[in-house]
Amino acid sequence: AFLVMASLPKEPLEDSKKQSFWMPGNYVRTVHRTDQSFQACNDIMACFMERAKVEKQYAQQLSQWSSKWKSIMDSRPLYGSLMRAWQCFFTSTERLSALHSSISQSLAEEEGHRVKTWQRETFPKKLFCGFKESYDNKTSFSRAQKPWSKKLKKVQHACVCLFVLFDKISNFLTSLHISTVSSQIAKVPIIYPKL
């Protein structure tokens with residue numbers, strides 16, 4: 001019992017007719033995937049640019065920090081192993097700065113350009129219709145669903161007519177039953193008690 005209760009959805013279930021891909025007009029979510037994918041590419045490129053900016057700022061801060069402390073340590077009377085330790089420390093900081101600078105450059109130029117090129121090739125646009133793939137999918141789905149939509153409307157109309165007919169029959173039977181019962185009551189003799 002616990003497993004069944006734990007697996008029940010917390011949100012109320014939507015009508016299955018509204019969720020079904022095959023119902024008329026429900027292909028729209030599929031058609032909008034092209035627009036959403038294009039926007040996702042733009043978001044990825046913006047993310048790359050922000051990350052490249054962060055990496056570049058960090059590389060500059062490391063470089064500034066290293067040059068500041070290197071000049072301070074150069075003015076001190078250091079020698080031997082202590083001087084080598086400081087030099088190694090600043091050298092590793094300069095390498096780390098160069099690494100973050102190259103990451104920034106790679107993200108901004110190479111990866112961003114690669115995503116932009118892929119986006120241009122994958123999502124060709126039509127002049128007035130938005131994306132070619134979206135337009136083609138929308139027209140194909142609407143053409144494919146047109147006969148189905150007509151038949152579905154006929155079935156829904158027939159269902160409405162059937163329910164109206166059932167309602168009329170039910171009302172007729174109810175009125176027939178009431179009139180039959182009232183006529184039967186009228187035929188029953190009234191017996192008065194003897195006094």
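Side-chain atoms are counted along with the backbone in the values below, which use heavy atoms only and exclude waters and symmetry mates.
- Using a 4.5 Å cut-off between side-chain heavy atoms of Ile, Leu, Val, Met, Phe, Trp and Tyr, Met45 falls into a hydrophobic cluster with Ile44, Phe48, Tyr58, Leu62, Leu96, Leu99, Ile103, Leu107, Val115.
- Rounding to the nearest 0.5 angstrom, the gap separating the OG atom in Ser71 from the CZ atom in Phe90 is 8.5 Å.
- Donor-acceptor pairing under 3.5 Å is recorded for the side chains of Gln39 and Asp43.
- No donor-acceptor distance shorter than 3.5 angstrom exists from the side chain of Glu94 to the backbone of Ser66, with no hydrogens or angles considered.
- Summarising the local packing, OH of Tyr135 is surrounded by 12 or fewer heavy atoms from other residues, nucleotides or ligands at distances under 6.0 Å.
- Remark: Ser134 OG to Arg33 CZ distance equals 11.5 Å, nearest 0.5 Å.
- For the residue pair Gln145 / Asn26, no side-chain donor-acceptor distance below 3.5 Å is found, with atom types taken as modelled.
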Stepwise side chain to side chain contact (heavy atoms under 4.5 Å, CB included) test for Val160 and Phe163: CA-CA 5 Å; Val160 168; Phe163 285 124; 5.8 Å; no
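- For the atom pair NZ of Lys138 and OH of Tyr27, the computed distance is 6.0 Å after rounding to the nearest 0.5 Å.
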Candidate pair Lys53 and Glu50, rule salt bridge (charged side-chain N to carboxylate O under 4.0 Å, His left out), full reasoning: CA-CA 5 Å; Lys53 185 179 175 182; Glu50 281 186 35; over 6 Å; no
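- Within the 3.5 Å criterion, the main-chain N or O of Ser102 finds no donor-acceptor partner in the side chain of Ser106.
- A search for salt bridge (charged side-chain N to carboxylate O under 4.0 Å, His left out) contacts involving Glu110 returns nothing, not counting sequence neighbours.
- The two residues Lys125 and Phe131 have their closest heavy-atom pair at CE-CE2, 3.5 Å.
- Thr122 approaches Glu133 most closely through the heavy-atom pair O-OE1, 4.4 Å.
- Closest heavy-atom contact between Gly112 and Met49: CA-CE, 4.4 Å.
- When ring centroids are compared, Phe89 and Trp65 come within the 6.0 Å threshold.
- In terms of heavy atoms, Ser101 sits closest to Ala59 at N-CB, 3.7 Å.
- We find the CZ-CD distance between Arg29 and Gln36 to be 10.5 Å, quoted to the nearest 0.5 Å.
- One distance of note links CG of Asn137 with OG1 of Thr34; it measures 5.5 Å at 0.5 Å rounding.
- Across Ser104 and Glu55, no two heavy atoms sit closer than the pair CB-CB, 3.8 Å.
- Using a 4.5 Å heavy-atom cutoff, the side chains of Thr93 and Lys70 are not in contact.
- Considering SG of Cys41 and CZ of Phe123, their distance stands at 5.0 Å, rounded to 0.5 Å.
- Among residues at least two apart or in separate chains, there is no salt bridge (charged side-chain N to carboxylate O under 4.0 Å, His left out) pair with a member in residues 163-175.
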